[in-house]
Amino acid sequence: MTPLRLSGAGLGFRRELIPALKTRVPDAIDFFEIAPENWIDMGGAYGRDLRGFTERYPFVCHGLSLSLGGPAPLDEMLLKKTRQFMDAHGIQLYTEHLSYCSDDGHLYDLLPIPFTEEAVKHVARRIRRAQDILDRRIAIENASYYTAAPIAEMDELAFIRAVLDEARCDLHLDVNNVYVNSVNHRYDPLDFIRALPSERIVYLHVAGHYVEAPDLLVDTHGADVIDPVWALLDQTYRIHGVAPTLLERDFNIPPLDELTREVEHIARIQAAFTRHEHNVRAS
């Protein structure tokens with residue numbers, strides 16, 4: 001199946017939204033994202049429903065359990081099944097978190113990788129192997145984290161850039177994660193965004209979070225996107241240009257109409273930037 005072109009604003013494809021989406025896909029939604037672990041080998045009505053959408057809309061695979069930074073052997077069987085799934089549904093882009101979630105078994109959380117040279121080489125080697133098996137260049141997502149490893153040899157930004165260079169992969173930029181980390185670890189999120197390599201950014205996320213305390217935000221994907229994150233997304237486009245951008249909402253999921261309003265917000269910011277760029281070129 002030939003991959004469909006990915007652009008614009010997207011929404012996570014969740015089973016509870018399927019009845020509403022089958023009635024009508026709002027015009028603002030240009031593409032969908034799925035976790036392949038939740039859909040591989042899925043048959044029956046859900047499998048037929050998914051096929052009906054992947055034939056009409058571009059999809060992204062966003063992995064949850066590959067554990068790129070983990071000590072356990074890379075799950076090559078999962079990667080092989082993911083490639084088959086992506087080929088069957090015409091999905092080109094696969095992204096994963098720059099974190100780990102396994103040791104002797106799955107830990108059911110995304111944990112931060114120590115920011116060390118050794119970790120850079122370890123993760124990059126696993127990313128290159130994943131790319132070989134998937135037969136695709138993948139993108140890694142900057143992860144939220146709450147405690148910095150005491151053995152860090154560099155900061156988060158330097159670590160991300162080093163992994164991108166060593167692995168020869170792309171960046172899945174989660175704007176909300178930048179904002180959350182900037183509050184929790186006290187740095188300027190705009191400076192962080194500016195220092196990322198534009199040529200590696202292929203995909204973006206925005207999401208809501210939970211305010212545990214004024215200096216502690218928790219990345220939950222369970223609330224509306226807040227104004228400072230919207231503003232940071234706008235600045236990201238101004239600095240790096242527009243890339244396909246998805247609204248994440250993983251629990252406390254409201255009706256499709258409410259989610260669509262936030263997807264429309266993404267689309268408005270993209271359109272405003274595109275108009276601005278057009279006016280600049282025309283002047």
Side-chain angles (χ1 to χ4, degrees), residues 3-12 27-33 57-62 91-98 127 131 136-144 156-182 187-208 219 225-248 260-283:
L4 299 173
R5 182 176 178 272
L6 186 70
S7 64
L11 180 66
D27 293 340
I29 299 175
D30 298 304
F31 68 92
F32 295 99
E33 176 189 277
Y57 293 91
F59 273 67
V60 176
C61 275
H62 182 50
I91 301 172
Q92 183 57 36
L93 181 60
Y94 175 89
T95 78
E96 246 292 1
H97 304 83
L98 188 55
I127 292 171
Q131 292 183 140
R136 290 163 171 82
R137 186 174 172 114
I138 72 173
I140 53 170
E141 180 188 351
N142 55 298
S144 55
E156 178 192 3
L157 178 61
F159 181 74
I160 291 171
R161 293 187 62 108
V163 170
L164 293 173
D165 289 342
E166 184 78 14
R168 299 185 296 278
C169 65
D170 290 318
L171 178 61
H172 171 178
L173 175 56
D174 191 310
V175 176
N176 181 65
N177 286 355
V178 173
Y179 181 79
V180 166
N181 288 351
S182 74
Y187 62 72
D188 186 322
L190 197 53
D191 287 346
F192 188 99
I193 295 286
R194 285 195 190 99
L196 294 169
S198 296
E199 69 278 6
R200 298 295 184 92
I201 300 172
V202 296
Y203 186 49
L204 279 72
H205 270 174
V206 289
D219 178 36
V225 181
I226 66 170
D227 287 344
V229 174
W230 287 125
L232 191 58
L233 177 65
D234 178 83
Q235 290 299 316
T236 299
Y237 290 156
R238 292 175 186 277
I239 295 165
H240 297 293
V242 172
T245 304
L246 182 115
L247 173 71
E248 281 192 297
T260 300
R261 285 197 284 272
E262 292 197 287
V263 179
E264 288 171 342
H265 197 149
I266 295 171
R268 284 196 298 273
I269 298 173
Q270 291 176 330
F273 177 82
T274 301
R275 286 195 300 271
H276 172 76
E277 285 290 285
H278 176 77
N279 292 336
V280 168
R281 287 194 295 269
S283 62

Stepwise, does the side-chain contact (heavy atoms from CB on, under 4.5 Å) test hold for Leu93 with Cys61?
CA-CA 6 Å; Leu93 181 60; Cys61 275; over 6 Å; no

side-chain contact (heavy atoms from CB on, under 4.5 Å) between Leu232 and Leu190: does it pass, once the steps are laid out?
CA-CA 7 Å; Leu232 191 58; Leu190 197 53; 4.1 Å; yes

Report the C-alpha distance between Asp234 and Phe273 in whole Å, list the side-chain angles of each, state the deciding distance to 0.1 Å, and finish with yes or no for side-chain contact (heavy atoms from CB on, under 4.5 Å).
CA-CA 8 Å; Asp234 178 83; Phe273 177 82; 5.8 Å; no

In sequence, state the C-alpha distance, the side-chain angles, and the governing distance for Ile193 and Leu173, and then conclude on side-chain contact (heavy atoms from CB on, under 4.5 Å).
CA-CA 9 Å; Ile193 295 286; Leu173 175 56; 3.9 Å; yes

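By the ring pair (Phe, Tyr, Trp, His ring centres under 6.0 Å) test, Tyr57 is found to be paired with Phe32, residues two or more places apart in sequence or in another chain being considered. Taking the salt bridge (charged side-chain N to carboxylate O under 4.0 Å, His left out) definition, one finds that Asp191 meets it with Arg194, sequence neighbours left out. Under the rule for a ring pair (Phe, Tyr, Trp, His ring centres under 6.0 Å), His240 has no partner lying at least two apart in sequence or in another chain. Taking the side-chain contact (heavy atoms from CB on, under 4.5 Å) definition, one finds that Ala158 meets it with Met154, Asp155, sequence neighbours left out. Partners of Asn176 according to the side-chain contact (heavy atoms from CB on, under 4.5 Å) rule, which considers only residues two or more places apart in sequence or in another chain, are Asp174, Val180, Ala207, His209, Asp219, Val229. With sequence neighbours excluded, no residue forms a side chain to side chain donor-acceptor pair (under 3.5 Å) with Asp165. Not counting sequence neighbours, the partners of Arg137 by the side-chain contact (heavy atoms from CB on, under 4.5 Å) test are Gln131, Asp170, Arg200. Remark: Thr236 engages no residue in a side chain to side chain donor-acceptor pair (under 3.5 Å) (not counting sequence neighbours). Under the side chain to side chain donor-acceptor pair (under 3.5 Å) criterion, Asp27 pairs with no residue, sequence neighbours left out. Residues meeting the side-chain contact (heavy atoms from CB on, under 4.5 Å) test with Leu4, sequence neighbours left out: Pro58. In this structure, the side chain to side chain donor-acceptor pair (under 3.5 Å) partners of Thr95, at least two apart in sequence or on a different chain, are His62, His172.
For the pair Trp230 and Glu262, the minimum side-chain heavy-atom distance is below 4.5 Å. Residues Pro244 and Leu204 have side chains not in contact (no heavy-atom distance under 4.5 Å, counting atoms from C-beta outward). In this structure the side chain of Tyr187 never reaches within 4.5 angstrom of the side chain of Leu157, judged on heavy atoms. Side-chain contact check for Tyr179 versus Ile226: some heavy-atom pair is nearer than 4.5 Å.
Residue Ile140 holds its CD1 atom at 12.0 Å from NE2 of His97, rounded to the nearest 0.5 Å. For the atom pair Tyr203 OH and Leu171 CG, the distance stands at 13.0 Å (nearest 0.5 Å). Interatomic distance, Ile29 CD1 to Leu11 CG, rounded to the nearest 0.5 Å: 5.0 Å. Note that CD1 of Ile239 is 9.0 Å distant from CD1 of Ile201, once rounded to the nearest 0.5 Å. Between atom NE2 of residue His205 and atom CG of residue Asn142 there is a gap of 10.5 Å, rounded to the nearest 0.5 Å.
The nearest pair of heavy atoms linking Leu246 to Ile266 is C-CD1, 4.1 Å. Looking at every heavy atom in both residues, Val202 comes nearest to Ala139 through CG2-CB, 3.8 Å. Heavy-atom minimum distance, Thr260 versus Ala28: CG2-CB, 4.5 Å. Counting all heavy atoms, side chain and backbone alike, Ile127 lies closest to Cys169 at CG2-CB, 3.9 Å. The minimum heavy-atom distance linking Ala143 with Asn181 is given by the pair O-ND2, 3.0 Å. The minimum heavy-atom distance linking Leu6 with Val60 is given by the pair CD2-CG2, 3.5 Å.
Formation of a donor-acceptor pair under 3.5 Å by the Arg136 side chain with backbone atoms of Gln92 is found in this model. The backbone N or O of Gly8 lies less than 3.5 Å from a partner atom in the side chain of Gln270, making a donor-acceptor pair.
Applying the salt bridge (charged side-chain N to carboxylate O under 4.0 Å, His left out) test to every pair with at least one member in residues 265-274, sequence neighbours left out, gives no pairs at all.
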